[in-house]
Chemist: 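Sharing a structure here in structure tokens format.
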Amino acid sequence: MLQVRALRCARGGVPVLDGVSFDVKAGEALILRGPNGVGKTTLLRTLAGLQPALDGTVEYPGATGAYASHADGIKTALTVTENLTFWAQVYGRDVPGSVYAAFDLDALRTRAAGTLSAGQKRRLGLARLGVIGRSVLFLDEPTVSLDGFSVRMFADWMRDVHLAGGGCAVIATHIDLGLDAPALDLTPYVAQPDADGGADEAFL
Ligand SMILES: Nc1ncnc2c1ncn2[C@@H]1O[C@H](COP(=O)(O)OP(=O)(O)OP(=O)(O)O)[C@@H](O)[C@H]1O
């Protein structure tokens, strides 16, 4: 479903990763690992097409990808239901009734999103993934601010709904989500800083 070959990507004009190759099949997830600054966000943004690759290829079916950072991206003046309805409409879909229970939002449906706690906002942000109907998900630290219960809830949705429904995901995370998914450590793919003059480019 997702095929990545010899990918080279940069941040701020400086090559960050080089030679990244992997496949993720439908129904599978891949966990990205590596220390702070290794390039997880850069790779996810490149996979999602938010920034161009310097080299290599990324292939997945058209209009199936979605990127979500740990920023919640919620509209604070709208209620929880209004937020989910808004996102569903942007993608031309209806809100599945099951999404409220899946992200423990049932009791919060009529609350203005701006009044939610950090973890509740995060759950609402993640619930977006359950309404947009995108099958190839690129997720950057999706469980920031979540307690253990909510992390398990998210992992359950990922496994039992998204992956079981034929989707796939690439997830950068520093914690164990409890998913049965392989991990890819990006450390061996760190690009040489002066490989093509990129380090100098940053100062031009
Ligand atoms: N706008 C920018 N200009 C130049 N360099 C940047 C820019 N943004 C990030 N970088 C650098 O690019 C490298 C990769 O950053 P990236 O955010 O992809 O790492 P990460 O693995 O996601 O880190 P973390 O685990 O801390 O979130 C880092 O060295 C970072 O300092």
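Whatever order the structure lists them in is the order used to number ligands and atoms, beginning at 1. Worth saying up front: this structure is predicted, and the values here are computed from it rather than measured.
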Chemist: Mark up the atoms of ligand 1 that fall under 4.0 Å of a heavy atom belonging to T42, in ascending order.
Modeler: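 Per the distance check, 14 (C), 15 (O), 16 (P), 18 (O).
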Chemist: So for G34, does at least one of its heavy atoms come nearer than 4.0 angstrom to any atom of ligand 1?
Modeler: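 Contact absent.
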Chemist: Quick one: does ligand 1 sit under 4.0 Å from the side chain of E141, the backbone, both or neither, non-hydrogen atoms only?
Modeler: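 For E141, no heavy atom sits under 4.0 Å from ligand 1.
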Chemist: Could you tell me the residue and atom name of the protein heavy atom closest to atom 6 (C) of ligand 1, and the distance to it rounded to 0.1 Å?
Modeler: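 Atom 6 (C) of ligand 1 sits closest to the protein heavy atom R11 CG, 3.4 Å.
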Chemist: Does Y100 form a side-chain contact (heavy atoms from CB on, under 4.5 Å) with L84? I'd like the steps, not just the answer.
Modeler: CA-CA 9 Å; Y100 293 97; L84 292 179; 3.7 Å; yes
Chemist: Check each atom of ligand 1 against the heavy atoms of H174 and keep those under 4.0 Å away; list them by number with element.
Modeler: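 Listed by number with element, the hits are 25 (O).
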Chemist: Kindly indicate whether atom 25 (O) of ligand 1 is approached by any protein heavy atom to under 4.0 angstrom.
Modeler: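 Flag for atom 25 (O) of ligand 1 set to true, protein heavy atom closer than 4.0 Å.
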Chemist: Return the residue, atom name and 0.1 Å-rounded distance of the protein heavy atom closest to atom 3 (N) of ligand 1.
Modeler: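 Going by distance alone, atom 3 (N) of ligand 1 is nearest to G12 CA, 3.6 Å.
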Chemist: Look at the rings of H162 and W157 and say which category their plane angle falls in: under 30° parallel, 30 to 60° tilted, over 60° perpendicular.
Modeler: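 Ring orientation of H162 relative to W157: parallel.
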Chemist: In the protein, which heavy atom is nearest to atom 19 (O) of ligand 1, and how far is it?
Modeler: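 Ranked first by proximity to atom 19 (O) of ligand 1 is G39 N, 3.3 Å.
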Chemist: In the protein, which heavy atom is nearest to atom 13 (C) of ligand 1, and how far is it?
Modeler: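 In this structure, atom 13 (C) of ligand 1 has G37 O, 3.5 Å as its nearest protein heavy atom.
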Chemist: Is it true that V38 lies under 4.0 Å from ligand 1, counting heavy atoms only?
Modeler: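 Yes, V38 has heavy atoms under 4.0 Å from ligand 1.
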Chemist: Contact between L2 and L30 at the side-chain level, heavy atoms closer than 4.5 Å - yes or no?
Modeler: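 No, too far: nothing below the 4.5 Å cut-off.
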Chemist: Would you please say whether a donor-acceptor pair under 3.5 Å links the side chains of T42 and R11?
Modeler: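 Yes.
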Chemist: I need the atoms of ligand 1 closer than 4.0 Å to a non-hydrogen atom of K40, numbered in the order shown.
Modeler: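 Numbered from 1, ligand 1 contributes 18 (O), 19 (O), 20 (P), 21 (O), 22 (O), 23 (O), 24 (P), 25 (O).
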Chemist: Do the side chains of R159 and L179 get nearer than 4.5 Å, heavy atoms only?
Modeler: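 A side-chain contact under 4.5 Å exists here.
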Chemist: Can you find a pair of side-chain heavy atoms, one from Y189 and one from L7, that are under 4.5 Å apart?
Modeler: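 With C-beta onward as the side chain, the pair stays apart.
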Chemist: Before accepting this row, confirm whether a basic side-chain N of the pair R5/D23 lies closer than 4.0 Å to the acidic partner's carboxylate O.
Modeler: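 D23 and R5: salt-bridged.
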Chemist: Kindly state if atom 28 (C) of ligand 1 has a protein heavy atom within a strict 4.0 Å cut-off, that is, under 4.0 Å?
Modeler: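 There is a protein heavy atom less than 4.0 Å from atom 28 (C) of ligand 1.
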Chemist: Determine if the distance from atom 1 (N) of ligand 1 to the closest protein heavy atom is below 4.0 Å.
Modeler: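 It does not; no protein heavy atom is within 4.0 Å.
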Chemist: Regarding R8 and D18, does a basic nitrogen lie under 4.0 Å from an acidic carboxylate oxygen?
Modeler: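 The answer is yes: the pair qualifies as a salt bridge.
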Chemist: Does any N/O atom on V16 come nearer than 3.5 Å to any N/O atom on ligand 1?
Modeler: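 No, since none of the N or O atoms of V16 sits under 3.5 Å from an N or O of ligand 1.
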Chemist: Would Y67 and L44 count as a side-chain contact (heavy atoms from CB on, under 4.5 Å) if you check the C-alpha gap in whole Å, the side-chain angles of each, and the deciding distance to 0.1 Å?
Modeler: CA-CA 8 Å; Y67 169 83; L44 287 168; 3.8 Å; yes
